[in-house]
Amino acid sequence: MTIQSILAIESSRKRYVSMNQMIWLTGLSGSGKTTLAEELKNHIENCYILDGDTLRRGINQDLQFSEKDRLEVGRRIGEIGKILLDANLNVIVASISPYRSTRDKVRSLIGESYMEVYVQCPLDVCEKRDPKGLYKQARAGQIKHFTGIDSPYEEPVSPDVIVETDKFSIDECVSKILQCQSAMKIRAGAYPPN
């Protein structure tokens, strides 16, 4: 199914009750979360992106990379996302969020509007991409507790969807996410199936 066909289906269903969603993109640094978020935003109405890197320069600037701080980052993002959902916006989160417990708490907070997307990409590919030079800094000991290097990443046990950014194009990954989003809305009764 192409992005255009998914959007055509979505457009025909606008007369049904709206269901805002939080699409939580989790994965290693360099896996493609921000790139996917930006592309998804082009296909989802009334949407706001909460990007972990952007938030680190603002509301999370007082936090580092320790486990305690990472858990707090996830909590803050979840709470901000809930406020945006309550304001009738769709929310896309692009955050490493390395701990399952954080993602599980956010799922409990948000409920059926939460959609977990595992942006799966091997560590060696992420290191080669390294768009911000963070892996290089972590390997040189300049960043401590860096996920994937000297801090764990707990893969999702049962994400709503997995996209493999090392094997598929951005368009293919976005299409897969949009298909899952549409199926979740049907299950939740936001609109009937075709």
Side-chain angles (χ1 to χ4, degrees), residues 1-3 6 21-44 47-56 60 65 67 70-71 73-78 80-81 84-85 90-107 109-110 113-136 138 143 145-185:
M1 187 174 270
T2 66
I3 291 173
I6 292 167
Q21 284 187 299
M22 175 183 284
I23 300 174
W24 191 287
L25 305 171
T26 178
L28 293 172
S29 179
S31 62
K33 297 177 301 298
T34 299
T35 302
L36 283 170
E38 292 292 339
E39 186 58 32
L40 277 168
K41 186 177 181 187
N42 294 328
H43 304 287
I44 299 173
C47 183
Y48 192 85
I49 296 173
L50 293 174
D51 184 81
D53 293 330
T54 303
L55 294 170
R56 186 165 289 285
N60 292 328
F65 293 102
E67 180 176 349
R70 292 279 186 140
L71 292 169
V73 165
R75 187 194 72 75
R76 289 179 186 182
I77 293 172
I80 294 167
L84 293 172
L85 284 171
N90 288 292
V91 180
I92 301 170
V93 173
S95 174
I96 294 171
S97 46
Y99 300 108
R100 281 186 207 110
S101 62
T102 298
R103 298 185 305 263
D104 290 345
K105 285 178 186 173
V106 174
R107 184 184 292 273
L109 175 70
I110 303 302
S113 293
Y114 178 87
M115 179 177 149
E116 186 174 84
V117 178
Y118 178 23
V119 183
Q120 190 177 52
C121 188
L123 177 62
D124 63 316
V125 175
C126 292
E127 280 198 75
K128 286 176 189 165
R129 291 175 179 172
D130 202 13
K132 299 167 221 126
L134 298 175
Y135 285 104
K136 185 177 180 181
I143 299 176
H145 309 291
F146 191 76
T147 304
I149 304 300
D150 59 353
S151 186
Y153 176 78
E154 298 172 358
E155 293 185 0
V157 175
S158 54
D160 297 295
V161 65
I162 298 171
V163 293
E164 298 170 284
T165 58
D166 63 316
K167 296 179 183 172
F168 298 98
S169 71
I170 293 299
D171 284 347
E172 289 170 314
C173 292
V174 166
S175 181
K176 189 172 182 180
I177 294 166
L178 292 173
Q179 286 177 39
C180 180
Q181 180 196 37
S182 200
M184 288 179 75
K185 285 183 175 186

Residues N90, K41; criterion side-chain contact (heavy atoms from CB on, under 4.5 Å); working and verdict: CA-CA 9 Å; N90 288 292; K41 186 177 181 187; over 6 Å; no
Min side-chain heavy-atom separation [X]-[Y] under 4.5 Å:
| X | Y | result |
| --- | --- | --- |
| V163 | F168 | no |
| D160 | R107 | yes |
| T165 | R129 | yes |
| L40 | L178 | yes |
| L71 | S101 | yes |
| I92 | E38 | no |
| L84 | L50 | yes |
| I44 | Q181 | yes |

Pair T147-R70, side-chain donor/acceptor within less than 3.5 Å: yes
So, taking the atom named [atom1] in [X] and the one named [atom2] in [Y], what distance separates them when rounded to the nearest 0.5 Å?
| X | Y | atom1 | atom2 | answer |
| --- | --- | --- | --- | --- |
| D51 | T34 | CG | OG1 | 3.5 Å |
| T54 | I49 | OG1 | CD1 | 9.0 Å |
| L36 | D171 | CG | CG | 10.0 Å |
| E127 | I149 | CD | CD1 | 4.0 Å |
| C47 | I23 | SG | CD1 | 7.0 Å |
| K176 | E164 | NZ | CD | 6.5 Å |

Restricting to non-hydrogen atoms, name the atom on [X] and the atom on [Y] that form the minimum distance, rounded to 0.1 Å.
| X | Y | answer |
| --- | --- | --- |
| Y99 | S151 | OH-OG, 3.7 Å |
| L134 | S29 | CD1-OG, 4.1 Å |
| S95 | I77 | OG-CD1, 3.8 Å |
| T102 | R75 | CG2-N, 4.3 Å |
| G30 | C126 | C-SG, 3.8 Å |
| D150 | H145 | OD1-N, 3.1 Å |

Heavy-atom donor-acceptor pair, T26 side chain to I96 backbone, under 3.5 Å: yes
Verdict with reasoning, E172 to K167, per side-chain contact (heavy atoms from CB on, under 4.5 Å): CA-CA 10 Å; E172 289 170 314; K167 296 179 183 172; over 6 Å; no
Let me check something: any side-chain donor-acceptor pairs from residues 116-123 under 3.5 Å, sequence neighbours excluded? List them with distances.
| from | atom 1 | to | atom 2 | distance (Å) |
| --- | --- | --- | --- | --- |
| E116 | OE2 | R103 | NE | 3.3 |
| E116 | OE2 | Y114 | OH | 3.3 |
| Y118 | OH | E155 | OE2 | 3.1 |

Stepwise side-chain contact (heavy atoms from CB on, under 4.5 Å) check, S113 with M22: CA-CA 6 Å; S113 293; M22 175 183 284; 5.8 Å; no
Within 6.0 Å of OH in Y153, more than 12 heavy atoms from elsewhere: yes
Heavy atoms of other groups near K136 NZ, more than 12 under 6.0 Å: no
Lys/Arg-Asp/Glu bridge criterion (N-O < 4.0 Å) met for K33, D53: no
